[in-house]
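Report on the following structure.
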Amino acid sequence: NKLTPNITESRDEILRQSLVQARLELTRELGKDPGQWQWGKLHRLILEHPVLGGESMPGAVRWLVNEGPFDVPGGSAIVNANGWNASLGYEVTAGPSMRMVVDLGNLDGSTWINSTGVSGHPADARYSDQVEDWVSGKQRPWPFSEDAVRAQELASGKPLVGLKADGGAAIVTEQAVVSRKDAGLTEIVPPSGSVFLNFPIAATEPTSGDHDRARKIAKSVGKLLGSSDGRRGLSAAAFRAPDGGALADGRGVGKIASITVSDQSALSTALKQYALLALPTRALAVVDVSGSMAFDAGGRTRMALTIKASETGIGLFPDNSQVGLWAFSTNLDGKRDYSPLLPIKRLNADVDGTTQRARLVQKIRALKPKVGGSTGLYDTTLAAFREVRKTYDPKAINSVILLTDGANEDPGSISLKELIAALKKSQDPTKPVVIVTIGITEDADAKVLKAISDATGGSSYIARDPADIPTVFLTALQNRAR
């Protein structure tokens, strides 16, 4: 050990130290229960766009173009070569952009998979449609002969050529219509017209370095596209001129009216709301199990009503939602006020032969108030916030959903002022994590819960009447992002 120059350790001592340090690090990163340890929780991958995906770009842009994080298997020196650098951490630093298996005796039997998709446009359905298969190690058919390609295209039911077979319909660009005239399809344009797609030229080089050079190149490209040769080339590729006139030689769908938006602010608001609604949920549900949760609430205990509301809420989340579960009181897990019950996973993820959704329901139904337990609100809130932030997913709404019927009763915890300061300091505008608080009955400290939510841009709700607990819970879920 170079750190102890005056001591010569034996082989056994070095091995012992290594094992102890490894155990401590795994416990710190993955928790005390080795049964919950998984390599993928440490070995994570973010597919970062080489131009627009870096830290210098706005968070909204990174969210649009980057994919992940993903829990992945593999390592540096094995067939599944998702490499990592032990001196930097466990994150994937290199991996195969494509895997393919070529059957030289039957080329139509070959397979392949791309790490992202076959499109470079973030809004295209093919931009990242292969990621999940790539992560899980699956391959896709890779037909070679024309007949096999046609058969695969028809079997998928998605490309244009497959539409005629089943009498389907699809919204496509004019370029797609022109390129697949052989598909035997009928083009229809709404009588009111259509929106025209714009393709602006943007210099994405940072202001430092070659920004001026990039701007000059962008202007040159624009000038070239605007020339007579450029316009002919664009027309040949089925792109209309800036005036929106019909393509030459009767190609395309002919003359159509252009639909424009008069109120750009309304459009911007609608797009933001749509983007928000399109994001899946990623939430850590934190449930109070202090002794007061056993109190009567209209013929049933507060705990029973909370369990019922939680079960209903879990049923509303789609399969692509990611949800985990903690319980909290005081000294619930040794000296800790909180106890992690299930890590955050997709609801359709396999967990010990069942799904994460089913396991959540089982764990929720098993919640019981701790006799004599108080409410360790502040330490638990900060720990839950940091847990969600540590494993942040840019493709989801990341949140903590906290349910409690009381105020902080842990004299040894941080203060409210310290909690609020820590939440604000830890919050990253490019990686927002919101805390949604739900107070159960009048005993909940409404003012404190609102302050906690406000510190992260979240929302706070109080179910003053026990009968309102399920309704308030569902309202909170619907407004989880604000």
Side-chain angles (χ1 to χ4, degrees), residues 23-37 283-297 301-307 309-310 323-344 359-360 362-391 400-423 426 433 435-449 451-453 455-456 469:
R23 170 67 193 228
L24 289 174
E25 182 169 350
L26 287 170
T27 301
R28 183 173 62 250
E29 295 290 339
L30 300 176
K32 293 182 178 180
D33 182 6
Q36 298 295 324
W37 294 356
L284 178 59
V286 183
V287 182
D288 187 349
V289 293
S290 60
S292 58
M293 290 292 284
F295 290 178
D296 180 76
T301 66
R302 297 174 180 178
M303 189 82 261
L305 290 173
T306 300
I307 289 173
S310 300
V323 183
L325 180 66
W326 283 13
F328 78 100
S329 179
T330 48
N331 300 322
L332 194 61
D333 184 5
K335 293 184 178 181
R336 291 194 314 190
D337 291 340
Y338 55 91
S339 176
L341 301 179
L342 282 176
I344 301 174
R359 289 287 288 150
L360 278 167
Q362 292 171 4
K363 291 290 187 180
I364 289 170
R365 288 175 178 173
L367 291 175
K368 297 183 183 302
K370 179 184 177 183
V371 177
S374 300
T375 306
L377 179 62
Y378 298 160
D379 285 349
T380 299
T381 299
L382 184 57
F385 175 84
R386 287 174 172 171
E387 173 67 19
V388 175
R389 187 176 182 277
K390 181 176 70 174
T391 56
V400 175
I401 302 175
L402 185 103
L403 298 93
T404 180
D405 72 339
N408 186 68
E409 298 169 332
D410 183 357
S413 75
I414 59 175
S415 66
L416 176 62
K417 183 178 180 181
E418 290 171 326
L419 170 62
I420 299 301
L423 291 174
S426 299
V433 175
I435 298 177
V436 177
T437 56
I438 303 174
I440 300 170
T441 76
E442 292 278 0
D443 290 346
D445 194 329
K447 184 177 180 181
V448 166
L449 294 181
I452 291 173
S453 293
T456 63
I469 292 176

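Since we're looking at a predicted model, the values are computed, not measured.
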* To do: Considering only NZ, NE, NH1 and NH2 on the basic side and carboxylate oxygens on the acidic side, decide whether Arg302 and Asp288 come within less than 4.0 Å.
  => no

Given the options Thr330, Asn408, Asp379, Ser413 meets side-chain hydrogen bond (donor to acceptor under 3.5 Å, both in side chains) only with Asn408

Taking the side chain as C-beta and beyond, is there a heavy-atom pair between Val286 and Tyr338 under 4.5 Å?
-> no

### Query
Is the backbone N or O of Ser374 less than 3.5 Å from a side-chain atom of Ser329, with the two atoms forming a donor-acceptor pair by type?
yes

- Message: Are more than 12 heavy atoms, taken from residues, nucleotides or ligands other than Arg386, located less than 6.0 Å from that residue's CZ atom?
- Response: no

Side chain to side chain, Glu418 and Leu382, heavy atoms closer than 4.5 Å | no

On a heavy-atom basis, the closest approach of Phe385 and Thr456 is CE1-CG2, 3.9 Å

Rounded to the nearest 0.5 Å, the CG atom of Leu325 sits from the CG atom of Leu367 at a distance of 6.0 Å

The reported gap from NZ in Lys370 to OG in Ser339 (rounded to nearest 0.5 angstrom) is 10.5 Å

Should Leu30 and Gln36 count as side-chain neighbours, where that means a heavy-atom distance under 4.5 Å?
no

| query | Is Trp37 reaching over with its side chain to a backbone N or O of Gly31, donor-acceptor style, under 3.5 angstrom? | reply | yes

In this structure, CE of Met303 is separated from OG1 of Thr306 (nearest 0.5 Å) by 5.0 Å

Original post:
Is the closest side-chain heavy-atom distance between Ile440 and Met293 below 4.5 Å?
Top reply: yes

In short, Pro369 meets Ser290 closest at the heavy-atom pair CB-O, 3.5 Å

The reported gap from CD1 in Ile344 to CH2 in Trp326 (rounded to nearest 0.5 angstrom) is 8.5 Å

To the nearest 0.5 Å, atom CG of Asp405 lies from atom OG1 of Thr441 at 5.5 Å

All heavy atoms of Leu341 vs all of Lys363, minimum pair found to be O-CE, 4.0 Å

Taking every heavy atom of Phe328 against every heavy atom of Leu402, the minimum-distance pair comes out as CE2-CD1, 4.2 Å

### Thr381 vs Thr437 side-chain heavy atoms within contact, under 4.5 Å
no

Report task. Quick one: do Val287 and Ile307 satisfy side-chain contact (heavy atoms from CB on, under 4.5 Å)? Show the steps, please. Result -> CA-CA 9 Å; Val287 182; Ile307 289 173; over 6 Å; no

Checking side-chain contact (heavy atoms from CB on, under 4.5 Å) for the pair Asp337/Asn331: CA distance, chi angles, key distance, verdict? CA-CA 5 Å; Asp337 291 340; Asn331 300 322; 4.2 Å; yes

Sorted by chain and number, sequence neighbours left out, side chain to side chain contact (heavy atoms under 4.5 Å, CB included) with Asp445 holds for Ala407, Lys447, Val448

**Asked** Do other residues, nucleotides or ligands put more than 12 heavy atoms under 6.0 Å from Lys335 NZ?
**Response** no

Minimal heavy-atom distance between Pro340 and Asp333, with the atoms involved, is CD-OD2, 4.4 Å

Is there a side-chain contact between Ile452 and Leu416 (heavy atoms, below 4.5 Å)?
yes

In terms of heavy-atom contacts, Ala294 and Thr301 come closest through O-CG2, 3.5 Å

